[in-house]
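Take a look at the structure set out below.
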Amino acid sequence: MRVGAERLRPAGLAWRAVVGIIVTTLVVLGTAVGKDEWWPFAPMSQYAFLVKSDGVINSPFMEARTADGGLVRVPLSGTGIGLERSEMEGQLPRLIREPSLMQAIAILHARRSPDEPRYTEIFLRNRQTALDAARTQKIIDLASWVVENPADPQDWSGRP
Amino acid sequence: MTALRRFAFGPVSLARIAWLRLVIYLYVVWDVLMVVTDPIAHGQVPVELYHPVWAREWLGFPAPSPVYVQVLRVVILASALVAASGRLPRVAGAVCAVGMFDWITNAFSYSKIDHDHYALMIALLVLPTVRRARFGDVGVMSEAASWAVRMIQVSAVSIYFLSAWAKMRFGTWGWANGSTLIWALTRRPNGLAPWIGSHPTLTHVLQWIMLVAEFLSPALLWLRGRALAAGLLFFLSFHATTYYLLRIHFLPLVVCLTAFMPMERIPAWWARRRRVDSAHPPAVPAAPWSGR
């Protein structure tokens, strides 16, 4: 068995010390004052928000009217529509402000499930559960979008 | 200065790096195939919903397209398998680090960040800074290995400690007495989750335990021996519990906790065990475990 001590040269020590200090400082700053776009130095904010004990639990979801008249749940997952529910939630303010972004959901559906009836209208809704004893629920409409050119949603007036 | 040098460069066996490469690069294979699979689907997502993290823009990574993400995955898998074998540690490791940076920032560029990948990313960036390591290099004490191991350890601890800090920043000091855990248990229930969720006092106790443990986590950097093992066991059981209740695992962080474990001693321990076994063949009938 080989034994020995491998020491670093001063330059090797120096750059490693500097990198270590910079990386550690950045990651601390990320949580202290940063935001998600700073990743890998984003705030470690999963589950860091406060849910008041007398508050509500919001579970946003999407539904779609299809070309054959049915109302279906949009499968928000990586294997379903290709976008996670949490990713949709992260964009919730944008989607409410600009419902036309939901055209992208119709495009994504047409790309990933070409054999299913196309989406003609998309609804963004929130199931709100009150943290009272009865856990009463209500559904709130947040936004909706009438899909342009549902047969081929990629071909629409707002195309980038 | 001496204390700082001992902290960051204190002796670590080069063999620890061989073990870490095996564990972490094999985990990368699992990660891109089973855990962070959304980049493949993101190849089809219209660019309107692409909201890149800044590092991705600065480094010039493009918006994902279907072919791009498939090629990227093949590059990551190939480089990770080579690096796991211990061969070409600098080249294969660097390719894997850049590839994974592209892959993970893709996953995080649609408005959802999972902070469990931070330590893994740091591990992938520091492992190529150490020369080729073999499992037999137990007796080779290396300052380069020590720095890499310390960086991985500090990153893992940062995740815990800064999660507690973020709870104070975003959730305020009322976080531990709030209903965040009930929220999580309601949205992703599994096993005993509904029962726990219906007992608010219990959820408050669990939240306090979580918060205090996260704030105390830097102790892992100084603990030794059984105390360190106990600390690691606590966090491992914490992850096992959240997986059982919420189906949320923190595997990318868990694999980085192996940087705290003296894995390089496994072969010697195993050899000793086998010698003992052959010197003292078990009596028939075998003695019960409690009798040893």
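Computed from a predicted model, the values in this text were never measured in an experiment. Within every chain, numbering begins at 1; the chains are lettered A, B, ... in the order of the sequence lines, protein sequences first and strands thereafter.
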If I measure from the heavy atoms of chain A, does [X] come under 4.5 Å with its side chain, its backbone, both, or neither?
{"X": "B/Ala119", "result": "neither"}
{"X": "B/His117", "result": "both"}
{"X": "B/Thr37", "result": "neither"}
{"X": "B/Val140", "result": "both"}
{"X": "B/Thr129", "result": "both"}
{"X": "B/Thr186", "result": "side chain"}
{"X": "B/Tyr110", "result": "both"}
{"X": "B/Ala8", "result": "neither"}
{"X": "B/Asn177", "result": "backbone"}
{"X": "B/Ile182", "result": "both"}
{"X": "B/Leu211", "result": "neither"}
{"X": "B/Arg134", "result": "side chain"}
{"X": "B/Trp183", "result": "both"}
{"X": "B/Arg131", "result": "side chain"}

Below 4.5 Å from any heavy atom of chain B, which atoms of [X] appear? Answer side chain, backbone, both or neither.
{"X": "A/Ile81", "value": "neither"}
{"X": "A/Arg85", "value": "side chain"}
{"X": "A/Leu8", "value": "both"}

Which one wins on heavy-atom pair count under 4.5 Å against chain B: [options]?
{"options": "A/Val56, A/Asn58, A/Thr79", "answer": "A/Asn58"}
{"options": "A/Thr31, A/Val28, A/Leu131", "answer": "A/Thr31"}
{"options": "A/Glu84, A/Gln103, A/Glu98, A/Arg16", "answer": "A/Arg16"}
{"options": "A/Ile107, A/Leu13, A/Val23, A/Thr24", "answer": "A/Leu13"}
{"options": "A/Ala104, A/Ala5, A/Ala32", "answer": "A/Ala32"}

If you measure from [atom1] on [X] to [atom2] on [Y], what distance do you get to the nearest 0.5 Å?
{"X": "B/Ile113", "Y": "A/Gln46", "atom1": "CD1", "atom2": "CD", "answer": "9.5 Å"}
{"X": "A/Ile57", "Y": "B/Leu185", "atom1": "CD1", "atom2": "CG", "answer": "9.0 Å"}
{"X": "B/Ser111", "Y": "A/Glu37", "atom1": "OG", "atom2": "CD", "answer": "7.5 Å"}
{"X": "B/Ser146", "Y": "A/Arg7", "atom1": "OG", "atom2": "CZ", "answer": "11.0 Å"}

Got more than 12 heavy atoms from elsewhere within 6.0 Å of CZ, A/Arg112? yes
Take a 6.0 Å sphere around CZ of A/Arg9 and say whether it holds more than 12 heavy atoms from other residues, nucleotides or ligands.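 No - once you tally the heavy atoms of other residues, nucleotides and ligands closer than 6.0 Å, there are 12 at most.
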Which pair of heavy atoms, one from [X] and one from [Y], lies closest together, and at what distance?
{"X": "B/Gln44", "Y": "A/Leu108", "value": "O-CD1, 3.4 Å"}
{"X": "A/Arg94", "Y": "B/Leu49", "value": "NH1-CA, 4.4 Å"}
{"X": "A/Pro40", "Y": "B/Tyr118", "value": "O-CD1, 3.1 Å"}
{"X": "B/Trp147", "Y": "A/Ala17", "value": "NE1-N, 4.4 Å"}
{"X": "A/Leu50", "Y": "B/Gly171", "value": "CB-O, 3.4 Å"}
{"X": "B/Ala166", "Y": "A/Ser45", "value": "CB-CA, 4.0 Å"}

Among B/Ser198, B/Ser163, B/Ala184, which residue has the highest count of heavy-atom pairs closer than 4.5 Å to chain A? B/Ser163
Who among B/Ser155, B/Gly43, B/Ala144, B/Ala145 has the most heavy-atom pairs with chain A under 4.5 Å?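 Among B/Ser155, B/Gly43, B/Ala144, B/Ala145, the one with the most close pairs to chain A is B/Ala144.
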Given A/Met44 and B/Glu214, is the side chain to side chain contact (heavy atoms under 4.5 Å, CB included) satisfied, shown in steps? CA-CA 12 Å; A/Met44 306 286 180; B/Glu214 285 174 347; over 6 Å; no
Between the main-chain N or O of A/Phe49 and the side-chain N or O of B/Thr180, is there a donor-acceptor pair closer than 3.5 Å? yes
Candidate pair A/Tyr47 and B/Thr242, rule side chain to side chain contact (heavy atoms under 4.5 Å, CB included), full reasoning: CA-CA 12 Å; A/Tyr47 298 97; B/Thr242 57; over 6 Å; no
